[in-house]
Amino acid sequence: PHADRPRRSEVVGRPLAALLANDGARVFSVDIDSIQEYTKRPQGADAQRKYHPRHVAHPSALTLDACLALSDVVVSAVPSAAYKVRTAALKDGCVCLNVAADKNFEADVREKVRLWLRRRVAPGGTGAHARRPRTRVAGVRTDLLTLLDWLARRRSTCPRSGRSRS
């Protein structure tokens, strides 16, 4: 056992963070005792270098509230009904995706965010997702990419006329 190694979920947390970071996103992966940043961006003295060919994971000094305030998309997969992401800590207009069997966001989340989605999964991780975790991660990633594409197209057209904005 490694005492300094965080307990990232092998079903959603770590694979989804790696997939999104390899697609160019800056990902904060929050666990019970630590926060890691997954990114391809150069850090510190390497800031003049090009992006890394693959994602790099390193500890983050940011707090959970600071991570939430920076995040355009928040994905929660905590398998506990007691855990709730605080609405007050979320960035205005962000998109929230709940992929746990229990709702991980406070009841008033829809008042602050642009979009809140809940991907239905079997409680306790049973069923097809427990047997095929890659399918679950790929599904969440596909949902996120489709959602971001939809939001980008929605921003580029006028709300009523459907014409492109000048």
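Just so it is clear, the model here is predicted, and its values are computed rather than measured.
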K.L.:
Leu117 versus Cys96: any side-chain heavy-atom pair under 4.5 Å?
P.N.:
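They are not in side-chain contact.
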K.L.:
Determine yes or no for a side-chain-to-main-chain donor-acceptor pair under 3.5 angstrom, with Asn98 supplying the side chain and Asn104 the backbone.
P.N.:
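Pair found, side chain donor or acceptor close to backbone of Asn104.
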K.L.:
Would you check if Trp116 and Lys103 make a side-chain contact, meaning some heavy-atom pair closer than 4.5 Å?
P.N.:
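Side chain of Trp116 against side chain of Lys103, heavy atoms only: contact under 4.5 Å found.
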K.L.:
How close do Tyr38 and Ala18 get, heavy atom to heavy atom, and via which atoms?
P.N.:
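That would be CD2-N, 4.1 Å.
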K.L.:
Okay, side chain of Asp31, backbone of Asp33: is any donor-acceptor separation there less than 3.5 Å?
P.N.:
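No; zero donor-acceptor contacts below 3.5 Å.
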K.L.:
Between Lys40 and Val56 (side chain of the first, backbone of the second, donor and acceptor by atom type, cut-off under 3.5 Å), is there such a pair?
P.N.:
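Not at all, since once roles are kept as given, no pair shorter than 3.5 Å links the two residues.
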K.L.:
Does a side-chain heavy-atom distance below 4.5 Å link Val113 with Phe105?
P.N.:
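Side-chain contact under 4.5 Å: no.
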K.L.:
Quick one, Val27 and Glu37 - any side-chain contact, counting heavy atoms below 4.5 Å?
P.N.:
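No - every pair of side-chain heavy atoms lies 4.5 Å or more apart.
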K.L.:
We want to know whether Asp108 and Thr87 form a side-chain donor-acceptor pair, criterion being a heavy-atom distance below 3.5 angstrom.
P.N.:
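Result is yes, a qualifying pair exists.
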K.L.:
Working to the nearest 0.5 Å, report the span between CG of Leu97 and CG of Leu16.
P.N.:
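Those atoms lie 8.5 Å apart.
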K.L.:
Begin with the C-alpha distance, continue with both residues' side-chain angles, and end with the deciding distance and a verdict on side chain to side chain contact (heavy atoms under 4.5 Å, CB included) for Phe28 and Leu70.
P.N.:
CA-CA 10 Å; Phe28 297 105; Leu70 290 171; 4.2 Å; yes
K.L.:
What are the two closest non-hydrogen atoms of Ala81 and Asp102, and how far apart are they?
P.N.:
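For Ala81 versus Asp102, the nearest heavy atoms are N-OD2, 3.4 Å.
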K.L.:
Among Val73, Val75, Val74, which residue meets the side chain to side chain contact (heavy atoms under 4.5 Å, CB included) test with Ser71?
P.N.:
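Option passing the side chain to side chain contact (heavy atoms under 4.5 Å, CB included) with Ser71: Val74.
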K.L.:
Mind checking whether Val99 and Arg118 have side chains closer than 4.5 Å, heavy atoms only?
P.N.:
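A side-chain contact is absent here, since even the closest heavy-atom pair is not under 4.5 Å.
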K.L.:
Before you tell me yes or no, could you show the steps for Lys112 and Asp92 under side chain to side chain contact (heavy atoms under 4.5 Å, CB included), namely the whole-Å CA-CA distance, both residues' side-chain angles and the distance that decides it to 0.1 Å?
P.N.:
CA-CA 6 Å; Lys112 186 164 187 173; Asp92 288 334; 2.7 Å; yes
K.L.:
Is there side-chain contact between Leu68 and Lys91, with heavy atoms separated by less than 4.5 Å?
P.N.:
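Answer no - side chains too far apart.
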K.L.:
Is Ile35 close to Cys67 at the side-chain level, that is, under 4.5 Å between some pair of heavy atoms?
P.N.:
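Yes. Closest side-chain heavy atoms under 4.5 Å.
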K.L.:
Can Asp65 and Arg86 be counted as an ion pair, charged N to O under 4.0 angstrom?
P.N.:
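Judged by the 4.0 Å cut-off on N to carboxylate O distance, Asp65 and Arg86 do form a salt bridge.
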